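Note: hydrogens, waters and symmetry copies are ignored here, and every other heavy atom, side chains too, is used. It should be emphasised that the depicted structure is a prediction, and the values quoted were computed from it without experimental measurement. The first residue of the sequence shown is numbered 1, and numbering continues consecutively from there.
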Amino acid sequence: MGKQKKARKYATMKRMISLRDQRLKEQDRAKAKKKKKDDPSAIKEREVPQYPSCLFFQYNTQLGPPYYILVDTNFINFSIKAKLDLVQSMMDCLYAKCIPCITDCVMAEIEKLGQKYRVALRIAKDPRFERLPCTHKGTYADDCLVQRVTQHKCYIVATVDRDLKRRIRKIPGVPIMYISNHRYNIERMPDDYGAPRF
């Protein structure tokens, strides 16, 4: 019986020598990291985000009629599916004048979706919608909305996207509008503003 031929293993790498190996010369060897001992008497510095003065007692004073509502792409799409008129349904939800705002990033996102979403694009180009220009690089709408809401606390964000909702909930003083049971609902709205509670 002959000797069996050994098949070569695929993707095997040559073993590399460790930088702390004894065979290496002193200047080529990696230096051992020395740990600094923490001084228990030293004052520890923490960076705490400073909240704007308009959020006194978690009550956003910059919110008030007419409400400026930042609209997300999927919010327009879901409104069309639920057969809701955006501006009228917003006014029914908040009992006040509402101005839907749409950023350049959201507009670009709807345009990228193509022919299938032409109704959403036509709604987004409505003259009742206020167009907000973007100055940042890239066209990722979620980051754009989060950045705008962090800087200015005068907006309500209208979205159905779970991840975006989760990100906005971390920012204090920003209400979220969403669709449920074929109508618009709002969460995190101050009690004084008369929005319906469910």
Kindly work out whether a path of hydrophobic side-chain contacts (I/L/V/M/F/W/Y, heavy atoms less than 4.5 Å apart) joins L84 to Y117. no
P66 to I99 - nearest heavy-atom pair and separation: CB-CD1, 4.0 Å
What are the two closest non-hydrogen atoms of V160 and N74, and how far apart are they? N-OD1, 3.4 Å
Transitively linked via ILVMFWY side-chain contacts under 4.5 Å: I171 with L132? yes
Hphob cluster co-occupancy, I80 + V106, side-chain heavy atoms under 4.5 angstrom: yes
Euclidean distance, L70 CG relative to M177 CE, rounded to 0.5 Å: 11.5 Å
D142 side chain near V146 side chain, heavy-atom distance below 4.5 Å: no
Closest non-hydrogen atom pair between R128 and D85, with its separation: NH2-OD1, 3.8 Å
How far apart are the closest heavy atoms of C105 and G138, and which atoms are they? SG-O, 4.1 Å
Are the side chain of R118 and the backbone N or O of Q115 linked by a donor-acceptor pair below 3.5 Å? yes
Step by step, would you call K125 with M107 a side chain to side chain contact (heavy atoms under 4.5 Å, CB included)? CA-CA 9 Å; K125 287 182 176 173; M107 206 65 170; 3.2 Å; yes
Distance in Å, I102 CD1 paired with I69 CD1, rounded so as to fall on 0.5 Å steps: 12.5 Å
For the atom pair CZ (R131) and CG (D126), what is the distance rounded to the nearest 0.5 Å? 12.5 Å
Looking at K137 and D143, is any side-chain nitrogen of the basic one under 4.0 Å from a carboxylate oxygen of the acidic one? no
Under 4.5 Å between side-chain heavy atoms, counting indirect links through other Ile/Leu/Val/Met/Phe/Trp/Tyr residues: same cluster for L121 and I123 or not? yes
Inter-residue atom distance L94.CG - I186.CD1, 0.5 Å rounding: 4.5 Å
Say whether V71 and L113 are linked into one hydrophobic cluster, either directly or through other cluster members, by side-chain heavy-atom distances under 4.5 angstrom. no
Is the shortest side-chain heavy-atom distance between R169 and E187 below 4.5 Å? yes
N77 and A120: which non-hydrogen atoms are nearest, and at how many Å? OD1-CB, 3.4 Å
Would you call R167 and T159 a side-chain contact if the rule is heavy atoms closer than 4.5 Å? no
Is there a side-chain contact between E130 and C101 in this structure, where contact means two heavy atoms from C-beta onward sitting under 4.5 Å apart? yes
Using only atom types and a distance under 3.5 Å, with no angle test, would you say the side chain of K153 pairs donor to acceptor with the backbone of T150? yes
To the closest 0.5 Å, what do you measure between OH (Y155) and CG (L145)? 10.5 Å
Taking the inter-plane angle between the rings of F75 and Y184 on a 0 to 90° scale, is it parallel (under 30°), tilted (30 to 60°) or perpendicular (over 60°)? tilted
Kindly compute the distance separating CG (L86) from CE (M91), expressed to the nearest 0.5 Å. 11.0 Å
Taking every non-hydrogen atom, the tightest pair across R188 and G173: NH2-N, 3.8 Å
